[in-house]
Structure formats: C-alpha cells, structure tokens
Amino acid sequence: MAGARPSAPASESELLARAQGLAGRTLGRIAAEAGLEAPADQKRMKGWVGEIIEWCLGADAAALPEPDFRAIGVELKTLPVNSLGRPAESTYVCVVPLTGELGEWKRSNVYRKLARVLWVPVEADRGLPLRHRRIGNAFLWSPDVDEEQALRTDWEELTEMIARDGLDRVSARHGRCLQIRPKAAHARVLTRHASPDGASIQTNPRGFYLRAKFTGEILAALHAGGVRP
DNA sequence: AGCTGATCATAT
DNA sequence: ATATGATCAGCT
C-alpha cells in the first residue's frame with residue numbers, strides 16, 4: 001500500500017467529518033490513495049466497496065463480531081444506491097443464531113448492530129465500473145422510536161417462528177423491514193440447528209437483512225429534513 | 001423492476 | 001466452519 005491506514009477516529013464527529021470528506025469522490029480515486037486499484041471484475045469482489053471505505057475511515061474491528069469502530073461503538077454500512085438515489089440492495093446485518101437461547105430484543109445482535117450506524121451511500125448501478133462509482137453524503141443514524149418498534153416486531157416474530165416452526169419454514173417473504181435469507185458461500189454449506197422438537201439438524205446458514213424499502217425510508221426521511229436523535 | 005435464494009472474497 | 005464485507009442472478 002502506498003498510503004498509511006488512517007488511525008481509528010476518536011469521536012463520532014471526527015468519523016462523520018472524515019466520511020463526509022469522501023462525498024463526491026470516486027472509488028477509483030480513494031483506492032489509489034490506499035495504493036490499490038479498483039477491481040475490474042466487480043461480480044467477484046462483492047465486499048470490496050465496504051472494505052475500501054472501512055480502510056479509508058480507519059475501522060479497526062474488521063472481521064470481528066464487534067462494531068467497526070470499537071472505541072466509539074459505531075457500525076459502518078455502505079448503502080448501494082441506484083441512479084435515482086434509492087437503495088439497490090438489501091443490507092446485511094448479522095448471522096441468525098441457530099443454537100442457544102432466543103434471548104430478548106435489546107440483547108440481540110440485530111439491536112446492537114443497528115444501535116448506531118454510519119451509512120455511506122455509494123453509486124451502484126451494475127453497468128458502472130467500480131472505479132467510476134462515486135461516494136455520497138454519509139450520515140450517522142440510530143433507529144427512531146417507530147423504526148425500532150418495527151425492527152423489534154419483525155425480530156420477535158421471526159425469532160418466534162424459528163422456535164415454533166423451525167428455520168426452514170421461515171423465508172425471505174417474512175418480515176416487513178427485517179428479513180432472513182441465506183448467508184453462505186453456497187447452498188451446500190451446512191450448520192447445526194436445533195429443530196423445534198429438540199433434534200439437531202443441518203441447515204444452510206442464514207443472515208438478517210434490512211429490506212431496501214426500509215433503508216430507502218431512512219434516506220427519504222433525511223431528505224425530508226427529518227430530525228434524528 | 002422488485003424480490004428471493006444463491007453466491008463471491010477474505011480472515012480467523 | 002464462522003464471521004466479516006456484500007452483490008449476483010433468475011424468477012415472478
């Protein structure tokens with residue numbers, strides 16, 4: 001790498017200022033500053049956008065089950081947006097725990113991951129090469145009361161459904177803002193899961209995802225001048 | 001066009 | 001295999 005990785009930000013305002021400093025720049029440009037080149041094969045480097053932004057901002061918890069910015073407890077999420085500025089994809093949150101207790105909402109990984117998020121919109125039209133994609137205006141977010149209620153309701157319903165009917169009865173069609181979808185290298189990857197009757201079975205790992213409709217509403221509230229906590 | 005199920009890269 | 005980072009691809 002040509003450039004040195006920035007140190008971790010010491011505060012939310014420092015992180016936000018850094019992230020907003022990326023607005024309008026292309027991924028090719030910030031990659032060059034890190035001594036990298038944007039991959040030509042964007043179909044294979046699915047996580048590259050998130051990783052380069054993490055690098056630029058000094059995230060220090062990569063590949064750990066913790067917030068990206070450990071000291072200040074902030075999670076970084078890039079938000080792929082189309083030419084209209086609307087989210088083009090769902091947002092992965094975390095894996096669905098398949099063993100152990102159900103727990104309660106406020107102790108769930110979903111709640112903890114989403115408690116404080118730095119959203120970084122990035123252009124993501126499929127025909128646009130990675131190096132030409134521009135970064136948008138980053139913003140800090142926590143769920144407001146309505147959003148948290150909606151997330152909590154989905155989480156509790158999905159969790160109860162798994163316990164009552166089994167994971168294999170839960171599809172991506174369930175959940176208004178939070179959904180469950182496969183999360184693995186491929187469909188043959190299996191992990192252990194306790195079925196409702198107590199038997200241990202093998203199943204494809206799943207993840208919690210935010211629907212694009214939900215993240216789109218977060219963006220819309222911003223543009224409407226909504227005040228956020 | 002939107003959505004669901006499947007998939008790709010990397011680190012531990 | 002499990003977790004991180006996500007987007008792809010095909011069907012409705």
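We use all heavy atoms of the structure for the numbers below, so side chains are in, but hydrogens, waters and symmetry mates are not. Numbered from 1 within each chain, the chains take letters A, B, ... in sequence-line order.
Taking the side-chain contact (heavy atoms from CB on, under 4.5 Å) definition, one finds that A:His132 meets it with A:Leu128, A:Pro129, sequence neighbours left out. Applying the side-chain contact (heavy atoms from CB on, under 4.5 Å) test to A:Arg152 and every residue at least two apart in sequence or in another chain returns A:Trp105, A:Glu156. Residues satisfying the side chain to side chain donor-acceptor pair (under 3.5 Å) criterion with A:Ser90, sequence neighbours excluded, are A:Arg181. Under the rule for a salt bridge (Lys or Arg N to Asp or Glu O under 4.0 Å), A:Lys43 has no partner lying at least two apart in sequence or in another chain. Among residues two or more places apart in sequence or in another chain, the ring pair (Phe, Tyr, Trp, His ring centres under 6.0 Å) test is passed with A:Phe214 by none. The side-chain contact (heavy atoms from CB on, under 4.5 Å) search around A:Pro80 returns A:Glu89, A:Ala124, not counting sequence neighbours. Remark: A:Glu104 pairs with A:Arg107 by the salt bridge (Lys or Arg N to Asp or Glu O under 4.0 Å) rule, at least two apart or across chains.
Map A:Val95 and A:Tyr209 each onto its nearest nucleotide of DNA chain C; the residue landing nearer the 5' end is A:Val95. Residue-to-nucleotide proximity on DNA chain C shows that, of A:Arg188 and A:Met45, the 5′-proximal contact is made by A:Arg188.
With axes fitted over five pairs at each extremity, the angle between the ends of the helix from B:dA1-C:dT12 to B:dT12-C:dA1 is 30° (10° resolution).
Counting heavy atoms from C-beta on, the side chains of A:Val49 and A:Val120 never come closer than 4.5 Å.
Of the residues in residues 161-174 of chain A, A:Ser171, A:Ala172, A:Arg173 come within less than 4.0 Å of DNA chain B through at least one heavy atom, sorted by number.
Atom-to-atom, CD of A:Glu66 to C1' of C:dG5 comes out at 16 Å; the value is rounded to the nearest Å. In this structure, A:Gln179 places its CD atom 13 Å from C1' of B:dA6, rounding to the nearest Å. Atom-to-atom, CZ of A:Arg206 to P of C:dT4 comes out at 17 Å; the value is rounded to the nearest Å.
Listed pair A:Tyr92 / C:dT7 fails the phosphate criterion, with no side-chain N or O lying under 4.0 Å from OP1 or OP2. A close approach under 4.0 Å does occur between a side-chain nitrogen or oxygen of A:Lys77 and OP1 or OP2 of C:dA6. Between A:Arg211 and B:dT4 there is a side-chain N or O to OP1 or OP2 distance below 4.0 Å.
Residue pairs meeting the salt bridge (charged side-chain N to carboxylate O under 4.0 Å, His left out) criterion with at least one member in residues 13-28 of chain A, sequence neighbours excluded: A:Glu14-A:Arg18, A:Arg25-A:Glu33. Residue pairs that meet the salt bridge (charged side-chain N to carboxylate O under 4.0 Å, His left out) test with at least one member in residues 187-209 of chain A, sequence neighbours left out, are A:Asp168-A:Arg206.
If you check every strand for non-hydrogen atoms under 4.0 Å, A:Gly50 touches sugar and phosphate atoms only. Contact annotation for A:Ala187: backbone-only contact, meaning every heavy-atom pair under 4.0 Å involves sugar-phosphate atoms and none involves a base. Heavy atoms of A:Gln202 sit nowhere under 4.0 angstrom from any nucleic acid atom. Within the 4.0 angstrom heavy-atom criterion, no nucleotide atom of any strand lies near A:Lys213.
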Just the table, please: protein N/O against nucleotides 8-11 of chain C N/O, every pair under 3.5 Å.
| unit_1 | atom_1 | unit_2 | atom_2 | d |
| --- | --- | --- | --- | --- |
| C:dC8 | OP2 | A:Arg126 | NE | 2.9 |
| C:dC8 | O4' | A:Lys46 | NZ | 3.3 |
| C:dC8 | N4 | A:Glu89 | OE1 | 3.1 |
| C:dA9 | N7 | A:Arg126 | NH1 | 3.2 |
| C:dA9 | N7 | A:Arg126 | NH2 | 3.4 |

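Remark: the A:Thr153 side chain and the A:Glu157 side chain contain no N/O donor-acceptor pair separated by less than 3.5 Å.
One donor-acceptor pair, N or O on each side, does fall under 3.5 Å between the base of C:dT4 and the side chain of A:Lys183.
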